[in-house]
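Here is the structure we will look at, set down as structure tokens.
Values in this document were obtained by computation on a predicted structure and should not be read as measured data.
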Amino acid sequence: MTRVRRFWLMKSEPNVFSIDDLRRAARQTTCWDGVRNYQARNFLRDDIKTGDGVLYYHSNVEPVGIAGEAVVVRDGYPDYTAFDPDDVHYDPKSDPRKPSWYMVDVKFVRACEDGITLKRLKSLSALRSMLAVQRGQRLSVQPVTAAEWRVIMGLPEWG
DNA sequence: GCCAACGTTGGC
DNA sequence: GCCAACGTTGGC
């Protein structure tokens, strides 16, 4: 029984961890730690699976937008940074026997050199209902539909 | 740096 | 269970 591949958008502040950091990381892979929102947690724990496609989104930078593509290489597992008092993402309420927070591992696929800006995404009528272009949308891990994925993968910005 | 939008907390 | 206060996110 094969599962249908799903697609996601994950936000990262590039001054914390950028698509180039991912490209240069060991095995070009990182754990997606530090998510502390329950809706995003549920996606990481239950829905995001190895092989799923990821739009790597740069937030809090000029300009904001999609900076590259990644792929999920490990299903959800407990976010151990929540257990470490020295970690910025430490959460004393997360019990290792019943973890509150989860993460997946993602691997670099390609960077989009000049990026696909949010402004550009908003200009495409095919992406009108995409979550990322909605006003006030703060969720750091978002589902992307297959149709939206196809539109974005077909943009000339990928080179 | 500002601030609108949103999620969480905690008093009641 | 409500909701005001608070803290955070993230576009601008």
Under 4.0 Å protein heavy-atom contacts per nucleotide of nucleotides 3-10 of chain C, with B for base, S for backbone only and - for none: ----BBBB
Modelled atom types, side-chain donor and acceptor of A:Tyr80 and A:Asp87, under 3.5 Å: no
Mutual orientation of the aromatic rings belonging to A:Trp32 and A:Tyr56 [parallel < 30°, tilted 30-60°, perpendicular > 60°]: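 Because their plane-to-plane angle is over 60°, the rings of A:Trp32 and A:Tyr56 count as perpendicular.
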Steps toward salt bridge (charged side-chain N to carboxylate O under 4.0 Å, His left out) verdict (A:Asp52, A:Arg3): CA-CA 10 Å; A:Asp52 282 0; A:Arg3 173 179 169 280; 2.8 Å; yes
Path from A:Leu44 to A:Trp8 over hydrophobic side-chain contacts below 4.5 Å: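 Yes, it is one cluster - the side chains of A:Leu44 and A:Trp8 are joined through contacts under 4.5 Å.
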Value in whole Å for how far the P atom of C:dG11 lies from NE2 of A:His58: 12 Å
Length of the line joining A:Leu131:CG and C:dG11:P, which is rounded to integer Å: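 Those two atoms, CG and P, are 14 Å apart.
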Charged N-O contact under 4.0 Å between A:Asp79 and A:Arg36: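 Looking at A:Asp79 and A:Arg36, the cut-off is met.
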Touch class at under 4.0 angstrom, heavy-atom based, for A:Lys119 against every strand present: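 Contact class for A:Lys119: none.
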